[in-house]
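What follows is one structure encoded as structure tokens, with my remarks underneath.
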Amino acid sequence: MMKTNRVIWWGLVVVWCGLIYYFTESPLFTGEQTAQWIRYGLNYFGIETNRSVSDSLFSWNFIVRKWAHMTVFGAFAFFAWKAAGSYRVAWLLTLFCAMFDEWHQSFQPKRTALFSDVIIDMIGATIVLWIVWKTNKRA
């Protein structure tokens, strides 16, 4: 049973890598596109704000996109931890995936590869792995 679980978790790691690759490849997830979705959502719910929707620092788009980075790579780190059974291996796999994602993004139109995104990805991974470690420490 334990080996079957590991295979499932490794499968999730591979699928999640594929999803990250798709997000980077797809024009639906450019900064310009997400800004349009956020603008639509704010208008739809009648939310008025002084915060910019565009890509400036701490705009809605910046906050949503960076939160997404942390969440997506935090989930990846969790899957990698479940698959590998090691915090260090999970963290290193996540780092590799984050660096590969930014490198891949550098070849995509309307996308920019940023080292700061790798750092944000790893903050998400570190937070998730820390929570898992604290939770397991108590058990």
Nearest non-hydrogen partners of Val89 and Ala84, listed with the distance: CG1-CB, 3.5 Å

Counterpart residues, ring pair (Phe, Tyr, Trp, His ring centres under 6.0 Å), relative to Phe79 (two or more places apart): Trp9, Trp16

Residues which pass side chain to side chain contact (heavy atoms under 4.5 Å, CB included) with Leu42, listed by chain and number, not counting sequence neighbours: Ile38, Ile47, Thr49, Val53, Trp60

With Ala125 via side chain to side chain contact (heavy atoms under 4.5 Å, CB included) - residues at least two apart: Ala77, Thr94, Met122

Counterpart residues, ring pair (Phe, Tyr, Trp, His ring centres under 6.0 Å), relative to Tyr21 (two or more places apart): His104

Minimum heavy-atom distance Asp121-Ala98, with the two atoms named: OD2-CB, 3.4 Å

Ile131 CD1 to Thr126 OG1 distance, which is reported to the nearest 0.5 Å: 11.0 Å

Phe73 side chain reached by Ile120 side chain, heavy atoms, under 4.5 Å: no

Aromatic centroids of Trp103 and Phe100 separated by under 6.0 Å: yes

Verdict with reasoning, Val132 to Tyr87, per side-chain contact (heavy atoms from CB on, under 4.5 Å): CA-CA 9 Å; Val132 170; Tyr87 298 104; 3.9 Å; yes

Spatial distance of atom NE2 (His69) from atom OG1 (Thr71) [nearest 0.5 Å]: 10.5 Å

Heavy-atom neighbours of Trp67 CH2 exceed 12 at 6.0 Å: no

Residue list, side-chain hydrogen bond (donor to acceptor under 3.5 Å, both in side chains) with Thr34, at least two apart or on another chain: Asn61, Arg65

Sequence-distant partners of Gln33, side-chain hydrogen bond (donor to acceptor under 3.5 Å, both in side chains), two or more places apart: none

Joint cluster assignment, Phe96 & Tyr22, ILVMFWY side-chain distance < 4.5 Å: no

By side chain to side chain contact (heavy atoms under 4.5 Å, CB included) - contacts of Ala113 (at least two apart): Glu102, Ser106

Distance in Å, Trp130 CH2 paired with Ile123 CD1, rounded so as to fall on 0.5 Å steps: 15.0 Å

Any pair counted as salt bridge (charged side-chain N to carboxylate O under 4.0 Å, His left out), so long as it reaches residues 79-90, sequence neighbours left out: none

Which residues share a ring pair (Phe, Tyr, Trp, His ring centres under 6.0 Å) with Phe115, sequence neighbours left out: none

Asn43 side chain vs Arg39 backbone, donor-acceptor pair below 3.5 Å: yes

Any residue meeting ring pair (Phe, Tyr, Trp, His ring centres under 6.0 Å) with Phe23, in chain and number order, not counting sequence neighbours: Phe29

Residues forming a side chain to side chain contact (heavy atoms under 4.5 Å, CB included) with Val14, sequence neighbours excluded: none

Common cluster, Phe62/Val118, ILVMFWY with side-chain heavy-atom separation under 4.5 Å: no

Hydrophobic cluster membership, Val13 vs Leu92, 4.5 Å side-chain cutoff: yes

Rounded distance (nearest 0.5 Å) linking atom CD of Gln105 with atom CD1 of Ile20: 11.5 Å

Taking every non-hydrogen atom, the tightest pair across Ala90 and Trp81: CB-N, 3.4 Å

Non-hydrogen atoms of Lys66 and Asp117 that approach each other most closely: NZ-OD1, 2.6 Å

same_hphob_cluster(Leu114, Met99) at 4.5 Å side-chain heavy-atom cutoff: no

Phe78 reachable from Leu19 in the ILVMFWY side-chain graph, under 4.5 Å edges: yes

Side-chain heavy-atom pair Cys17, Phe76 within 4.5 angstrom cut-off: yes

